[in-house]
Amino acid sequence: MTEKIHGSAPISAQWTVEPVEPRSPEAAAVLRLYLAEMISRYYGRPTDDAEIDRHLADGHGSDDLSPPTGLLLLARRGGEAVGCVGLRRLDARTVELTTHVRPPRCAR
């Protein structure tokens, strides 16, 4: 099945979403992109791998996105990781939900 949204290029129905370990290579790559976006938004400037590494070393990792404290869902389109959803338990009644979708590439 293929559909179009608002005159855009066809969107393949080959989307999958599944739980993954945050330290898996595919999940770690998407989480780095998410962290880069958050750093850039917060500081209003681009970031680099060294700064992302420093943030991860300072405890801004995602180990708590594994049961029982959380869950990480990885979204793939056509087998390629394109985004994630993180669920993090904050307390007995509150769960934080965070989403990240990688910007589309212009050339396909």
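Below, all heavy atoms of this structure are taken into account, side chains as well, without hydrogens, waters or symmetry copies. Keep in mind it's a predicted model, so treat the numbers as computed, not measured.
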### For Asp53 against Arg32, the heavy-atom pair lying closest together
OD1-NH1, 2.8 Å

### Task
Please go through Tyr34's hydrophobic cluster and name the other residues, only I, L, V, M, F, W, Y counting, with side-chain heavy atoms under 4.5 Å joining them.
Met38

### Message
Asp91: which residues meet the salt bridge (charged side-chain N to carboxylate O under 4.0 Å, His left out) condition with it, sequence neighbours left out?
### Response
none

### Query
By side chain to side chain contact (heavy atoms under 4.5 Å, CB included), which residues pair with Thr99, not counting sequence neighbours?
Val85, Leu97

### Query
Measuring from Leu73:CG to Glu18:CD, what's the distance to the nearest 0.5 Å?
9.5 Å

### Query
Which other residues belong to the hydrophobic cluster containing Leu65, where Ile, Leu, Val, Met, Phe, Trp and Tyr are joined when side-chain heavy atoms lie under 4.5 Å apart, directly or via other members?
Val20, Val30, Leu31, Leu72, Leu74

### Message
Within the 4.5 Å heavy-atom criterion, are Val95 and Arg88 side-chain neighbours or not?
### Response
no

#### Entry: Test side chain to side chain donor-acceptor pair (under 3.5 Å) applied to Glu51 - qualifying residues, sequence neighbours left out
Arg45, Thr47

### Query
Which distance, rounded to the nearest 0.5 Å, do you find between the SG of Cys84 and the CG of Leu71?
11.0 Å

### Query
Does a side-chain N-to-carboxylate-O contact under 4.0 Å join Arg54 and Asp48?
no

### Query
By side chain to side chain donor-acceptor pair (under 3.5 Å), which residues pair with Glu26, not counting sequence neighbours?
Arg76

### Considering all heavy atoms, the nearest Pro46-Ser40 contact
CA-OG, 3.7 Å

### Task
Drop me the distance from Arg77's CZ to Gln14's CD, to the nearest 0.5 angstrom.
9.5 Å

### Message
Between the side chains of Arg89 and Asp64, is the shortest nitrogen-to-carboxylate-oxygen separation below 4.0 Å, so that they form an ion pair?
### Response
no

### Task
Specify the closest pair of heavy atoms between Pro22 and Ala27, including all atoms of both residues, with the distance to one decimal.
O-CB, 3.8 Å

### Message
If hydrophobic clusters are built from ILVMFWY residues whose side chains come within less than 4.5 Å, do Leu56 and Ile39 share one?
### Response
yes

